[in-house]
Structure formats: structure tokens, C-alpha cells
Amino acid sequence: MSEVKARRMNMSQAIAMAMYDAMELDSSVIALGEDIADPQGGGVFKCTSGLSDRFGTERVRSTPIAEQAIMGAAVGAALAGMRPVAEIMLMNFITVAMDQVVNHAAKLRFMTGGQTHVPLTIRTATGAGFGTGGQHADYLEAWFAHTAGIKVVAPSTPADAYGLLLSCIFDDDPCLFVESLPLYFAMGDAPVSGQRIPLGKAKVVREGSDVTVVSYSRTMVEVQAVAKELEKRDISVEVIDLRSIVPLDMDTVLASVAKTGRLVVAHEAQVDFGVGAEIATRVHRELFGQLRAPVGRVGAARSPVPFSKALEDAFIPTKQRITAAILETLR
């Protein structure tokens with residue numbers, strides 16, 4: 001896997017490549033989750049396909065459908081010196097194991113006075129648009145961003161998924177790695193084998209001068225499409241991909257907004273109490289006198305994810321809503 005020469009790959013392949021390379025590099029890296037080993041198929045989204053053939057079922061373990069057991073075993077393994085990568089198939093299912101994540105993984109380093117580390121990576125997927133209903137598609141990143149002791153990462157490209165996942169696996173603190181269902185099979189530039197991306201470093205993916213738009217994960221696709229369309233109307237949009245939500249790279253955001261004077265934050269999670277609210281507050285505090293308009297926010301409706309296709313399409317942040325928020329800041 002580390003010798004892959006393809007110039008393009010999808011996010012599922014990039015994640016599989018990162019898992020393979022990490023396990024080759026360090027024998028303490030193990031994987032556990034539902035159906036992740038072959039011959040079950042390498043996980044529902046094929047992100048661990050072939051790993052058990054190469055590393056054996058001692059290091060790549062398919063588990064029962066029991067999220068508490070998966071997380072409890074992963075926390076214990078991390079405390080014992082391993083670097084477990086626990087797959088929770090869908091993000092909503094983490095709710096079953098919140099005690100292990102929030103009260104144990106995230107807090108043990110603090111509660112032991114720094115004597116104990118929990119080098120655990122939780123891989124999980126989410127995203128609306130597939131008619132999976134209200135219990136399978138929520139973006140819950142703000143829940144965990146609000147919990148001290150855990151890092152939260154949400155890539156939008158295959159190359160970023162690879163580099164960020166490697167950094168998570170070899171970080172000494174627990175990391176929640178949020179994968180986007182709609183992006184799993186979207187093609188992008190292949191990563192450079194072995195190249196890690198530092199956690200907490202945002203990326204300016206498009207330079208502009210009129211307005212800054214900050215996003216992450218799947219919504220980056222819509223944001224970049226909007227920026228390209230608005231360029232035809234002589235509106236210059238600077239686009240920032242956060243990549244990491246915790247740590248949050250406010251330096252990059254503030255430098256951009258200081259230049260453009262305007263900001264819109266877009267994410268798939270609900271607008272209320274979301275990551276966009278935190279960024280907006282910090283920008284208003286730091287750059288109040290330089291802002292030309294209030295910070296705009298775009299996100300999902302305050303509702304469980306609808307099952308109906310028509311309602312689900314209305315629930316997800318659309319290009320039209322992102323465009324309207326940008327134009328509002330330019331009035």
C-alpha cells in the first residue's frame with residue numbers, strides 16, 4: 001500500500017492507505033470495529049480492506065455490534081501501551097459509548113496528572129443525503145469539541161484524510177476522526193506516502209479579497225463550487241478548510257478575515273450552538289473594528305435528519321444558502 005503510485009484516489013482508499021502505513025510503521029497500532037476484518041469485507045466502507053490479510057486478526061479485530069465494548073477495549077488497550085484505532089461505524093452510534101469517550105478517554109491524562117496517555121483514534125462516519133434517517137447521519141463534532149481532552153478532525157480530501165489520520169494515530173491524546181459519507185468515493189489527489197499533516201493547521205485552499213468562507217468536511221465541496229461561481233460575478237472569495245476543529249487554527253482565520261473584512265462559516269451540523277458560533281464569537285471579539293459586516297453562518301436546520309428525500313435536501317446546507325449568506329455580507 002505504501003508503494004501506491006496512483007495520482008488520484010478516493011477518501012476510502014486514502015484512509016486504507018494511512019491505516020496500512022501506520023500498522024507497517026508501528027506494531028503497537030491495532031484496529032478494532034464491526035466487520036473490519038476480511039473476509040467480512042474490510043468494513044462497510046472498505047477502509048480496512050486487506051488489513052487483516054497483511055497483519056492478522058490479532059491486530060485487526062472484527063467485534064460484535066457493541067459500541068461500549070469497542071470503546072472500552074480501545075481505551076484499555078491505549079492505557080496498556082497500544083495505539084488502537086477504533087471504528088464506530090456511524091457517528092450517531094458513539095452515543096452508546098459516550099461514557100468511555102467523554103469520561104475516560106478524554107479525561108484520564110488530566111486525572112492522572114499527566115502520568116497516563118490515551119493514544120486512541122476513533123474513526124467514525126456521518127453525513128446526510130442517503131436517506132438513512134435521523135439516527136444515522138448527524139454531524140456531532142461540536143459535542144466533542146466541547147469536551148476538554150479530545151481532538152476533533154474532519155478532512156475534506158483524500159490527501160488530507162491520509163495525512164491527518166496518520167497524525168491522529170501517532171498523537172498521544174485521543175482523537176475523533178470524522179469521515180464524510182458523501183466524500184468516501186469522491187476522487188482527489190493521492191497523498192504522499194508517509195507525509196503527515198499537523199493537527200490544528202488550517203489550509204487556505206483558495207485565495208480571495210472580498211470575503212472569507214471557513215468550512216470543513218463535506219460542506220467544503222459546496223463552498224468551493226460557490227466560490228468558483230461567484231468569481232464569474234467578480235466576487236473574490238477566500239476559502240479556508242479548517243481540517244482540525246480541535247485544535248482550532250484561529251490564526252489562519254483571523255489573518256484572512258483581517259484582509260477581507262467579512263466572514264461566513266459553513267458546516268453541515270446544525271447552526272445553533274455549532275462550531276460556526278464559536279468562530280464567529282472569536283472573530284467578533286478580535287476583529288470587531290475591522291469587520292465590514294456581521295459574521296454569517298450557514299448550517300443544517302434545527303431538526304433531526306429527515307428520511308424524506310425532499311426534506312433531507314432542504315435540511316442540508318446548499319450552494320444557494322451559502323451564496324445568499326456571502327451576498328448578505330457584501331451588501
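Side chains are part of it too, since the values below use all heavy atoms of this structure and drop only hydrogens, waters and symmetry mates. Please read these numbers as outputs of a predicted model, since none were measured by experiment.
Here the side chains of Arg59 and Val29 are in contact, with some heavy-atom distance below 4.5 Å. The shortest side-chain heavy-atom distance between Thr323 and Glu229 does not fall under the 4.5 Å cut-off. By the 4.5 Å heavy-atom criterion applied to side chains, Met91 and His136 are not counted as neighbours. Using a 4.5 Å heavy-atom threshold, the side chains of Val85 and Arg123 count as touching. Counting heavy atoms from C-beta on, the side chains of Pro158 and Asp189 never come closer than 4.5 Å. Looking at heavy atoms from C-beta onward, Arg206 lies in side-chain contact with Glu231 at the 4.5 angstrom threshold. Side chains of Val283 and Val253 form a contact here, defined as non-hydrogen atoms less than 4.5 Å apart. When side chains are defined from C-beta on, His284 counts as touching Val295, because their heavy atoms get closer than 4.5 Å.
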(request) Check step by step if side-chain hydrogen bond (donor to acceptor under 3.5 Å, both in side chains) holds for Asp21 and Ser193. (result) CA-CA 8 Å; Asp21 288 354; Ser193 183; 3.2 Å; yes

(request) Quick one: do Val178 and Leu176 satisfy side chain to side chain contact (heavy atoms under 4.5 Å, CB included)? Show the steps, please. (result) CA-CA 6 Å; Val178 185; Leu176 178 67; 4.0 Å; yes

(message) Determine whether Ile150 and Val101 satisfy the following criterion, side chain to side chain contact (heavy atoms under 4.5 Å, CB included), listing intermediate values before the conclusion.
(response) CA-CA 9 Å; Ile150 189 167; Val101 176; 3.9 Å; yes

(request) Take Ser217 and Tyr139, measure what side-chain hydrogen bond (donor to acceptor under 3.5 Å, both in side chains) needs, and give me the verdict at the end. (result) CA-CA 10 Å; Ser217 192; Tyr139 266 81; 2.8 Å; yes

(request) Mind running salt bridge (Lys or Arg N to Asp or Glu O under 4.0 Å) on Lys46 and Asp38 for me, showing each step along the way? (result) CA-CA 10 Å; Lys46 308 302 180 185; Asp38 293 302; over 6 Å; no

(request) Begin from the C-alpha positions of Glu141 and Tyr216 and carry the test side-chain hydrogen bond (donor to acceptor under 3.5 Å, both in side chains) through to its verdict. (result) CA-CA 11 Å; Glu141 68 273 31; Tyr216 51 89; 2.5 Å; yes

(request) Start with the C-alpha gap between Lys319 and Glu222, add the side-chain angles, then the distance that decides, and say whether salt bridge (Lys or Arg N to Asp or Glu O under 4.0 Å) holds. (result) CA-CA 6 Å; Lys319 291 191 285 289; Glu222 283 76 18; 5.5 Å; no

(request) Go through the steps for Val239 and Glu207 under the test side chain to side chain contact (heavy atoms under 4.5 Å, CB included), then give the verdict. (result) CA-CA 7 Å; Val239 178; Glu207 294 189 354; over 6 Å; no

(request) With salt bridge (Lys or Arg N to Asp or Glu O under 4.0 Å) as the test, would you mind laying out the steps for Arg282 and Glu286 before giving the verdict? (result) CA-CA 6 Å; Arg282 295 195 193 188; Glu286 297 295 328; over 6 Å; no

(request) Evaluate side chain to side chain contact (heavy atoms under 4.5 Å, CB included) for Leu120 paired with Val75, printing each intermediate quantity in order. (result) CA-CA 7 Å; Leu120 159 66; Val75 172; 4.0 Å; yes

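Side-chain atoms of Ser62 come within 3.5 Å of backbone N or O of Ile36 as a donor-acceptor pair. Thr147 places a side-chain N or O within donor-acceptor distance of the main-chain N or O of Trp143, the cut-off being under 3.5 Å. Here the side chain of Thr121 pairs a donor or acceptor atom with the backbone of Cys168 at under 3.5 angstrom. No donor-acceptor pair under 3.5 Å is formed between the side chain of Arg292 and the backbone N or O of Gly261. Side chain of Thr116 to main chain of Arg109: no donor-acceptor pair is present (N/O by atom type, distance under 3.5 Å, no hydrogens or angles). Between the Lys201 side chain and the Leu242 main chain, no donor and acceptor come within less than 3.5 Å of each other. A distance-only check finds no donor-acceptor pair linking the side chain of His117 to the backbone of Asp173 [under 3.5 Å]. With hydrogens and angles ignored, the 3.5 Å screen pairs no side-chain donor or acceptor of Ser52 with any backbone N or O of Ala37. Between the side chain of Gln115 and the backbone N or O of Thr112, at least one donor-acceptor pair lies under 3.5 Å. The backbone N or O of Ser12 sits less than 3.5 Å from a side-chain atom of Asn10, completing a donor-acceptor pair.
Both Met89 and Phe130 are members of a single hydrophobic cluster when ILVMFWY side chains are connected at heavy-atom separations under 4.5 Å. When hydrophobic clusters are built by joining Ile, Leu, Val, Met, Phe, Trp and Tyr residues whose side-chain heavy atoms come closer than 4.5 Å, directly or via intermediates, Leu166 is grouped together with Leu164. A single hydrophobic cluster is seen to contain both Ile197 and Phe170, as judged by linkage of ILVMFWY side chains at heavy-atom distances under 4.5 Å, directly or through other members. Criterion: ILVMFWY side-chain heavy atoms under 4.5 Å apart, direct or through other members. Under it, Val265 and Leu140 are part of a common hydrophobic cluster. Criterion: ILVMFWY side-chain heavy atoms under 4.5 Å apart, direct or through other members. Under it, Met82 and Met23 are not part of a common hydrophobic cluster.
Within 6.0 Å of NE2 on His146 lie no more than 12 heavy atoms contributed by other residues, nucleotides or ligands. Summarising the local packing, CE of Met111 is surrounded by 12 or fewer heavy atoms from other residues, nucleotides or ligands at distances under 6.0 Å. Other residues, nucleotides and ligands contribute only 12 or fewer heavy atoms inside 6.0 Å of the CZ atom of Phe307. Within a 6.0 Å sphere centred on CD1 of Ile65, other residues, nucleotides and ligands contribute 12 heavy atoms or fewer. The environment of Phe110 atom CZ is sparse: at most 12 non-hydrogen atoms of other residues, nucleotides or ligands sit within 6.0 angstrom.
Heavy atoms only, all atoms of each residue included: Arg321 and Ala314 are closest at NH1-O, 3.7 Å. Nearest approach of Phe45 to Tyr184, heavy atoms of both residues: CG-CE1, 3.3 Å. Between Ala186 and Pro182, the shortest heavy-atom contact is CB-O, 4.5 Å. Residue Thr48 comes nearest to Gly43 through the heavy atom pair OG1-N, 3.7 Å, listed as atom of the first residue, atom of the second, then distance. Heavy atoms only, all atoms of each residue included: Val271 and Arg297 are closest at O-NH1, 3.1 Å. Contact between Met11 and Ala161 at its shortest, heavy atoms only, is CG-CB, 3.7 Å.
Here the CD1 atom belonging to Ile88 is positioned 8.0 Å from the CG atom belonging to Leu32, to the nearest 0.5 angstrom. To the nearest 0.5 Å, the span separating CG on Asp249 from CD1 on Ile240 amounts to 8.0 Å. The NZ atom of Lys151 sits 9.5 Å away from the OG atom of Ser167 when rounded to the nearest 0.5 Å. With values rounded to the nearest 0.5 angstrom, Ile169 atom CD1 is found 10.0 Å from Asp26 atom CG. Expressed to the nearest 0.5 Å, how far CG of Asp35 lies from OG1 of Thr63 amounts to 8.0 Å. Interatomic distance, OH of Tyr20 versus CG of Leu25, reported as 12.5 Å (0.5 Å rounding).
In this structure, a donor-acceptor pair under 3.5 Å is absent between the side chains of Asp210 and Thr260. Residues Asp241 and Ser156 bring a donor and an acceptor atom of their side chains to less than 3.5 Å of each other. Side-chain contact, Ser256 with Glu238: a donor N or O sits under 3.5 Å from an acceptor N or O.
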